[in-house]
Amino acid sequence: MIEVVHVAGLVTVQDSGRPGYGRWGVSPSGAADRSSHLLGARLVGNDGCAATLELTLGEVTLVAHERHIVAVTGAPAPITLDGAPMPSLRPLVLQPGHELRVGRATHGLRTYVSVAGGVDVPRILGSRSTDTLSGIGPPRPQVGDVLAVGAPTGRPVWDVDLPAEPHLGLAGSLAVRPGPRADWFEPQALRVLTGSDYEVTPDSNRVGARLHGPALVRRVSRELPPEGIVRGAVQVPAGGEPLVFLADHPVTGGYPVIGVLAPSDVDRLAQRRPGDVVRFRLVTGG
Amino acid sequence: MQESRFGLSSGRADVPDIRPCGDSGLLLEMGNAGDVLGAYSALAASVPPGVTDLVPAQCTILVTYDLHTTTADAVASWLRSTPPTASDAPDGSVVEIPVTYDGEDLAEVAAAAGTTVEEVVRLHSTAGYRAAFCGFAPGFAYLTGLPSQLHLPRRPTPRTRVPAGAVAIAGEYSAVYPGASPGGWHLLGTSTAAMWDLSRDPPGLVQPGDSVRFVVAR
């Protein structure tokens with residue numbers, strides 16, 4: 001068991017999400033940056049189904065009631081164990097009474113704290129993820145909460161030599177494929193999307209990354225009946241500035257989707273902060 | 001004409017289009033809104049390995065799949081080769097939803113439809129509905145079958161809060177709000193039916209394909 005003695009910012013429990021319930025109006029949810037969540041799971045010997053804590057520019061201080069193996073992945077953040085600085089991206093041993101402090105990310109947006117066995121809150125529709133859009137899932141951890149931890153299922157990976165930022169990809173462009181409604185836009189719209197700088201705006205959240213930049217002009221102006229959308233869909237609302245749906249996206253949307261990001265690039269986008277500039281590159285064919 | 005990885009679309013209204021939706025999704029667009037349920041029933045009854053979800057909507061069905069288990073071509077070929085179930089042969093459950101017709105918008109709806117409140121209640125409670133798809137919120141089912149006299153555009157300004165259980169109409173649909181939320185539909189009444197209950201399996205009272213009747217609560 002792990003006690004929460006300090007929490008700030010948005011801290012939620014996340015796992016690989018609850019895919020397969022879109023027909024009931026339920027979003028997949030799950031870790032916004034899957035790669036970082038899965039890396040943390042691997043380091044402590046979990047499978048992807050085990051739940052981690054996702055910190056969105058958040059802070060958390062945890063006190064172990066038993067011996068636990070933990071790892072911190074995703075956006076780099078200051079980590080201390082009973083006051084002593086600790087590295088990210090490797091398993092750490094928490095002895096009973098040890099205090100693990102994870103501060104606000106220094107760059108990137110979302111930091112993951114994994115524990116061997118996973119945070120053991122009840123599953124809802126097969127997942128422990130908090131869906132911030134529908135409210136399905138466990139409540140946000142609060143000071144004083146004692147989080148149950150599952151029985152470890154695998155071995156931690158002690159012998160790791162990872163680069164400091166193996167996967168955040170904060171600089172690179174994001175791969176986008178033409179989406180289901182690319183033909184609803186002027187022919188040059190995809191070139192505008194992939195040839196311009198877009199800035200992540202402050203109203204971005206786990207539902208989507210809203211972008212500020214050149215408007216994408218529609219060719220077909222009639223209303224689109226709501227249709228199913230996927231994580232990574234680049235939707236263009238009435239104003240013309242795109243938004244990219246993340247883990248807690250609504251199940252359907254009524255604006256055309258001009259493109260869809262590659263899944264790993266959705267992870268990269270989920271690490272961009274408000275104010276960061278993103279660029280897209282067009283990918284076609286198999 | 002829409003060019004895609006799956007060839008040129010027919011441009012014909014009676015043949016579905018298959019549109020790409022990223023690395024692990026395809027969007028099946030039906031020529032007619034009424035074709036969605038028949039196609040959905042047939043597809044839901046024959047889901048091949050690797051297909052992770054089917055999300056029916058007004059004119060489309062989103063199909064998502066696991067790239068490690070199947071391919072876009074295999075999924076597209078399943079979509080093309082699965083004949084729709086006849087739409088007059090509902091295969092879902094029949095759900096009765098009790099309604100107290102005490103909605104705030106009854107008089108407005110009656111005025112807009114050029115009739116009386118009693119007639120609005122009679123029309124709404126004697127029609128046979130089918131759940132076409134879910135969306136907006138978990139358990140929010142869009143029910144088709146609303147008599148055409150009651151087809152009205154949404155309210156110009158949505159309410160900031162519609163209570164759970166509100167029975168409402170908008171466009172060609174009726175629905176019951178599963179939880180309190182903002183909403184722009186016209187409120188005809190309230191129901192005590194639990195539309196969404198996570199302690200139930202499945203949590204939704206109404207699934208796509210189900211037949212629904214509204215019954216005047218006494």
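Under the 4.5 Å side-chain criterion, counting only non-hydrogen atoms from C-beta, A:P263 is in contact with B:D23. B:C134 is not listed as a side-chain neighbour of A:R23, based on a closest heavy-atom distance of 4.5 Å or more. Using a 4.5 Å heavy-atom threshold, the side chains of A:W24 and B:P203 count as touching.
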Could you go through B:L62 and A:I229, starting from their C-alpha distance and side-chain angles, then the distance that decides it, and tell me whether this counts as side-chain contact (heavy atoms from CB on, under 4.5 Å)? CA-CA 7 Å; B:L62 171 67; A:I229 49 181; 5.7 Å; no

Taking it one step at a time, do A:V26 and B:W196 satisfy side-chain contact (heavy atoms from CB on, under 4.5 Å)? CA-CA 11 Å; A:V26 176; B:W196 182 254; 3.5 Å; yes

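In terms of heavy-atom pairs under 4.5 Å with chain A, the best-connected choice from B:T52, B:L54, B:L198 is B:L54. The most heavy-atom pairs under 4.5 Å with chain B, out of A:V176, A:L261, A:V260, come from A:V260. In terms of non-hydrogen atom pairs under 4.5 Å with chain B, the most contact-rich of A:G228, A:P28, A:P19 is A:G228. Counting heavy-atom pairs closer than 4.5 Å to chain A, the top-ranked of the candidates B:P208, B:P56, B:P202 is B:P202.
Only the backbone of A:P178 comes within less than 4.5 Å of a heavy atom of chain B; no side-chain atom from C-beta onward does. Residue B:P178 does not touch chain A at all, counting heavy-atom pairs closer than 4.5 Å. Of the atoms belonging to A:L125, it is side-chain heavy atoms, and not backbone ones, that fall under 4.5 Å from chain B. Only the side chain of A:I136 comes within less than 4.5 Å of a heavy atom of chain B; its backbone N, CA, C and O stay farther away. If you measure heavy-atom distances from B:Y40 to chain A, the contacts under 4.5 Å come from the side chain alone. Interface residue A:P226: backbone and side-chain heavy atoms are both found under 4.5 Å from chain B.
In this structure, B:D53 and A:G22 approach most closely via the heavy-atom pair OD2-N, 2.5 Å. The minimum heavy-atom distance linking B:T60 with A:R181 is given by the pair CG2-NH2, 3.8 Å. Of all heavy-atom pairs between A:P180 and B:R19, the closest is O-NH1, 2.6 Å.
Within the model, atoms CZ of B:F136 and OG1 of A:T252 stand 10.0 Å from one another, a figure rounded to the nearest 0.5 Å.
More than 12 heavy-atom neighbours from other residues, nucleotides or ligands sit within 6.0 angstrom of CZ on A:R281.
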